[in-house]
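Both ligands and their constituent atoms are indexed starting at 1 by order of listing. Here, residue 1 is the first one in the sequence, and each next residue gets the next number. Note that these values count all heavy atoms, side chains included, but never hydrogens, waters or copies made by symmetry.
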Amino acid sequence: MLSRSTYIRRREAILEADRPSSGLLLLLGNESAAMNYRANPYPFRQDSTFLYYFGLDGPAVDGLIDLDSGEAQLYGDDPDLEDVIWMGERAPLRERAARAGVETTAPRSALSTDLATAIEAGRPIHFLPPYRDRQARRLEKLTGITADRTADYASIPFIQTVVQHRSVKSTEEIDQIETAVETTARLHRAAMRRAAPGRTEREVAGALSGIAESHGRGLSFRPTCSIRGEILHNHDYSRTMEDGDLLLVDAGATSPEHYAGDITRVVPVGGQFTTRQRVLYEAVLAAQTAAIEAVAPGVPFREVHLEACRVLTEHLMELGLMTGSVEAAVEAGAHALFFPHGLGHMMGLDVHDMENLGEERVGYADDQTRSEQFGLHTLRLARPLRTGFVVTVEPGCYFIPTLIERWRAEGRHDAFIDYEAVARYEGVGGIRIEDDVLVTNEGGQILGPDLPKRPDAVEDRAGSAS
Ligand code: GLY
């Protein structure tokens with residue numbers, strides 16, 4: 001856990017914020033979730049907002065904050081003898097709650113009674129949208145709202161307050177993210193060492209998981225580790241690497257307090273890029289460099305995304321894959337054939353930070369609407385940046401056979417795309433380069449240690465021995 005005073009301060013900030021004006025804030029903790037039978041659960045992952053305000057990292061504890069009295073209370077049960085025999089000792093809830101500065105605790109069953117009393121007294125209950133079925137069913141039981149409607153009744157002011165708090169990272173949080181990114185860099189060095197002809201993607205993916213477990217709290221998401229890097233979230237590790245392939249690894253580790261890291265690197269399996277691979281790699285790197293340079297407080301991330309699109313398009317035009325005016329091509333969305341996703345997302349306790357609260361609420365300002373244009377429609381973060389935000393910057397360039405075929409057949413954007421030239425690059429797969437960037441008053445600061453990124457350094461696997 002972080003320090004007791006941190007959790008107290010965070011809950012005090014709720015009381016001082018533009019939060020719901022009265023009633024009870026209900027923060028459900030997560031429960032253990034069965035993988036294939038109850039005694040074989042998925043690794044436990046606490047709800048991130050519950051972690052943020054209460055810090056308790058075990059299943060089946062819920063929190064309540066009374067907006068009128070300012071009191072916080074935790075509901076949970078102490079382990080019984082069976083729990084202790086199978087899972088070991090655990091401190092009583094009262095003791096764990098005290099570490100988060102919460103003085104009042106009660107058995108978990110008391111939560112429904114206390115909420116029923118509050119509802120009867122006409123007090124509003126404010127909750128966040130559920131993202132697990134189990135949470136929706138618990139909310140139904142606790143509030144009487146049908147499970148499949150609970151998300152519709154989630155409290156907008158509560159969501160806004162949480163987003164406001166969690167978006168700006170404190171020094172303590174940045175230290176945690178740095179730790180996560182350091183472990184993430186270890187994963188990538190290990191992947192670079194293992195990217196060799198005859199080895200399998202699975203060998204690399206297995207190593208990532210082992211290192212993340214042994215140096216932190218495991219992975220922050222299921223990695224992409226594939227020579228088919230054009231499949232954006234490729235979780236299939238079934239291929240054997242060959243000379244000439246590019247291995248794309250998009251992976252992240254978590255810090256002791258569950259903060260995420262998220263980095264992508266691409267390495268030539270045989271040690272050297274081909275000419276085509278190298279020029280495309282340089283194009284993506286130029287786009288990423290320009291985007292990181294554009295990061296600054298007050299700059300809408302949508303503009304940073306578009307800057308990356310323009311730089312990538314410029315390079316694709318120099319290579320003959322695209323033609324015409326860069327501005328017009330990007331405005332039309334033609335570049336999205338090669339770069340069909342958004343430039344990045346917020347990162348913190350979640351790798352896509354707070355995405356469970358709604359992408360628009362986290363990533364878009366009130367006066368911004370999400371574009372429906374292909375490519376831009378997946379931009380998760382568009383709002384003006386603020387000092388203390390941590391974001392990923394991850395442009396890519398992909399040759400996705402089905403997408404190319406579809407667009408070519410439709411003649412889509414054929415004023416900007418030379419499909420004959422594109423055909424010559426098919427098979428390159430996908431290239432993405434990603435770093436985690438802290439927004440400071442001076443601009444974007446890449447977090448974590450140096451990790452090979454320039455093409456020569458990637459070919460040399462420079463620094464991957466450490
Ligand atoms: N790097 C994983 C993701 O952004 O989804």
Side-chain angles (χ1 to χ4, degrees), residues 45 48 131 166-167 177 180-188 190-191 201 204-205 208-209 211-212 216-226 228-237 246-255 258-267 284-285 287-288 291-292 295 301-302 304-305 308 336 339-360 362-364 370 375-383 389-398 400 429-438 444 446-448 451 453:
R45 177 56 160 84
S48 297
Y131 53 92
R166 286 182 52 193
S167 294
I177 296 173
V181 178
E182 270 165 33
T183 307
T184 301
R186 276 179 196 265
L187 308 187
H188 282 277
E201 294 168 343
V204 181
L208 302 181
S209 168
I211 296 166
R217 286 287 191 112
L219 295 164
S220 50
F221 59 96
R222 188 164 171 80
T224 293
C225 174
S226 180
R228 295 281 314 276
E230 78 279 12
I231 302 171
L232 301 182
H233 281 179
N234 191 346
H235 300 153
D236 170 55
Y237 309 132
L246 292 178
L247 178 70
L248 184 152
V249 176
D250 181 349
T254 42
S255 75
H258 297 286
Y259 285 81
D262 181 5
I263 292 179
T264 306
R265 288 290 186 271
V266 168
V267 282
V284 176
L285 185 57
Q288 200 223 20
I292 294 172
V295 165
F301 197 70
R302 189 175 188 281
V304 183
H305 168 84
F339 178 25
H341 62 79
L343 183 68
H345 48 82
M346 299 274 242
M347 196 184 78
L349 276 166
D350 307 299
V351 67
H352 291 185
D353 211 19
M354 302 170 277
E355 199 160 288
N356 61 308
L357 302 178
E359 279 189 35
E360 263 78 1
V362 177
Y364 284 72
R370 197 179 183 115
L376 211 46
H377 72 307
T378 63
L379 183 64
R380 293 188 160 95
L381 179 60
R383 68 194 267 197
F389 282 13
V390 174
V391 301
T392 65
V393 178
E394 46 179 314
C397 183
Y398 312 90
I400 305 169
I431 296 168
R432 177 162 67 249
I433 304 173
E434 175 181 21
D435 284 297
D436 304 325
V437 174
L438 170 68
I446 298 178
L447 295 175
L451 189 61
K453 188 158 72 168

Inset, instruction - Inspect the contact between K453 and D435 and indicate whether a charged nitrogen and a carboxylate oxygen are less than 4.0 angstrom apart. - result: yes
Inset, instruction - Mind checking the CZ-CG spacing from R302 to L343? Nearest 0.5 Å is all I need. - result: 12.5 Å
Inset, instruction - Rounded to the nearest 0.5 Å, what's the gap from CD1 on I177 to CG on D262? Could you check? - result: 11.5 Å
Legend entry - Atoms in ligand 1 with a heavy atom of H233 nearer than 4.0 Å: 3 (C), 5 (O)
Legend entry - Numbering as shown, the atoms of ligand 1 that approach E394 to under 4.0 Å (heavy-atom distance): 4 (O)
Inset, instruction - Consider every N or O of R380 and every N or O of ligand 1, then say whether any pair is closer than 3.5 Å. - result: no
Legend entry - For atom 5 (O) of ligand 1, the option (of H345, H352, E355) bearing the nearest heavy atom: H352
Inset, instruction - Locate the shortest heavy-atom distance separating T264 from E434; write the atom from each residue and the value. - result: OG1-OE1, 2.6 Å
